[in-house]
Participant: 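Below you will find the structure I want to go over with you.
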Amino acid sequence: MDRSALLVSLVLAALAAGCSSSRDAAVEEVTTDFRSAVSSEDAEAACRLLAEPVRYELELSSGSTCEVELLDVRLPAAGDIQEVAVSGTAAQVRYQDDVIFLGEFGDGWRVTAAGCLSRADGPYDCQVGG
Amino acid sequence: MSRLRRHSLSIVFLVLFAVALVGQAWAGWVQFNDQQVAQDLAEIGLGRYLRSADFAVDVTENWQSEYLQFLLYVLATVFFLQRGSPESGAHGGLGTDEEQKLGEFTEPGSPAWAKAGGVRTAIYSWSLTLVMLAIFLASWLGQSIAGWAAFNETRMQQLQDPLTWPGYLANADFWARTLQNWQSEFLAVGSMAVLAIYLRQRGSAESKPVGEPHDSTGASAGG
């Protein structure tokens, strides 16, 4: 990347950061709560933070409740947030070893995919959602 | 002639622009929500859509191409010729001071910057091109930023990493949006230059007089 492109990127990133800092904070809060609920095995709280279609799909595919299935999946719960990206109604939160995706719904940000690992080509491979 | 009638061309196009923009906003909002529902995602209100990158990119990608179209047409007709076209100069080039009513040939009603001479007249001589260029570049930059945000929203909905802005500029989405507009504008301008050689619209400043010969070239052949 040459200097001018880098400068434009930094300016745009600064503008984007200024505009979306409150949205970033809301995304971080939901993700942190979700991660804490998984860590403390509070499946009921974790399930409340899943997007409704994801919760429905989880129960349909397992034939069990969201709470039971979520504990069985054993999602990653360790590590600090490395990076948050928010654009419109979608967000991505990056941890050291995995990634969480979120969507904005009527009742706020909700997890649309969790325990996601990068693949060489194509979308992330996720333990829940996706 | 009433003031309204004297400015009716610009008023008509301003009203058409407003109606079309409202229509685009409504249709774009419905389309956006259809896509959200198809992906099990939440619908958004019209106000939120009007502030969205999705709406902004759809607006700016068309703005930039339209301003580029007229910018190139203004510039191209200085340097290129099309025999028989009312849009083409007869000889090409920037013209003499006498033809351009500059220097000793200015008139009492000439614009102040045309009479001023020096840098101001030089700038004013290119002012149409400069302003059209500035609007084109601003719209294109706006398209790149809004398109980047809208594209990243879709990518994250599809569980993919977002791109950086330079990464988006190198992405096919940016160029597909840009070039699909450019090709249609170039075709429209080129075909207008050629069709106007042989076809007429009585009363239009964009057409030669109906009885003007086909090989008559230049703005002076306009009706």
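Proteins come first, then strands; the chains are lettered A, B, ... in the order of their sequence lines, and each starts at number 1.
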Participant: Sub-4.5 Å heavy-atom contacts with chain A: which residues of residues 114-132 of chain B show up?
Facilitator: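 Within residues 114-132 of chain B, no residue comes under 4.5 Å from chain A.
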
Participant: Within the supplied structure, the quantity of interest is the number of heavy atoms (other residues, nucleotides, ligands) at a distance under 6.0 Å from B:Trp182 CH2; does it exceed 12?
Facilitator: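 Enclosed: over 12 neighbouring heavy atoms sit under 6.0 Å from CH2 of B:Trp182.
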
Participant: Counting heavy atoms not belonging to A:Gln82, are there more than 12 under 6.0 Å from its CD?
Facilitator: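 It does: A:Gln82 CD has more than 12 such atoms within range.
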
Participant: Can you confirm whether more than 12 heavy atoms, excluding those of A:Arg119, are under 6.0 Å from its CZ atom?
Facilitator: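 Check passes, neighbour count above 12.
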
Participant: Is it the side chain or the backbone of B:Gln158 that comes within 4.5 Å of chain A heavy atoms, both, or neither?
Facilitator: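 B:Gln158 touches chain A through backbone heavy atoms alone.
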
Participant: Got more than 12 heavy atoms from elsewhere within 6.0 Å of CZ, B:Arg6?
Facilitator: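 Counting other residues, nucleotides and ligands, CZ of B:Arg6 exceeds 12 neighbours.
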
Participant: Quick one: SG on A:Cys116 to CG on B:Leu159, what's the gap to the nearest 0.5 Å?
Facilitator: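 Reported value, rounded in 0.5 Å steps: 6.0 Å.
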
Participant: Using a heavy-atom cutoff of under 4.5 Å, enumerate the residues of residues 17-49 of chain B that contact chain A, numbered in order, or state 'none'.
Facilitator: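 When heavy atoms of chain A are the reference, residues 17-49 of chain B contributes B:Gln36, B:Asp40, B:Leu41, B:Ala42, B:Ile44, B:Arg48 within the under-4.5 Å range.
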
Participant: Of the backbone (N, CA, C, O) and the side chain (C-beta and beyond), which part of B:Asp54 lies under 4.5 Å from a heavy atom of chain A, both, or neither?
Facilitator: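 For B:Asp54, neither part sits under 4.5 Å from chain A.
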
Participant: How about residues 59-69 of chain A versus chain B: which residues have heavy atoms under 4.5 Å apart?
Facilitator: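 Answer by number: none.
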
Participant: Does a sphere of radius 6.0 Å around CZ in B:Phe70 hold more than 12 heavy atoms from other residues, nucleotides or ligands, not counting ones at 6.0 Å or beyond?
Facilitator: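 Result for CZ/B:Phe70: open.
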
Participant: Taking 4.5 Å as the heavy-atom cut-off, does anything in residues 92-100 of chain A contact chain B, and if so which residues?
Facilitator: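 A:Gln92, A:Arg94 fall under the 4.5 Å cut-off.
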
Participant: Between A:Thr89 and B:Gln157, is any side-chain donor less than 3.5 angstrom from a side-chain acceptor?
Facilitator: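 Indeed, the side chains of A:Thr89 and B:Gln157 share at least one donor-acceptor pair under 3.5 Å.
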
Participant: Might you point out which heavy atoms bring B:Ala149 and A:Ser87 nearest each other, and give the distance in Å?
Facilitator: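 Shortest heavy-atom separation between B:Ala149 and A:Ser87 comes out as O-OG, 2.6 Å.
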
Participant: Under 4.5 Å from any heavy atom of chain B, what part of A:Ala51 do you find: side chain, backbone, both or neither?
Facilitator: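 Neither part.
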
Participant: Check each atom of B:Ala53 against the heavy atoms of chain A and say whether the ones under 4.5 Å are side chain, backbone, both or neither.
Facilitator: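 When you check distances to chain A, no heavy atom of B:Ala53 falls under 4.5 Å.
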
Participant: When you look at OH of A:Tyr56, are more than 12 heavy atoms from neighbouring residues, nucleotides or ligands closer to it than 6.0 Å?
Facilitator: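 12 or below, so no.
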
Participant: Taking side chain as everything from C-beta outward and backbone as N, CA, C, O, which of these in A:Phe101 sits under 4.5 Å from a heavy atom of chain B? Side chain, backbone, both or neither.
Facilitator: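 Contact with chain B involves the side chain of A:Phe101 alone.
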
Participant: How about A:Asp80: does its CG atom have over 12 heavy atoms from other parts shown lying under 6.0 Å from it?
Facilitator: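 Not buried by this count: 12 neighbours or fewer within 6.0 Å.
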
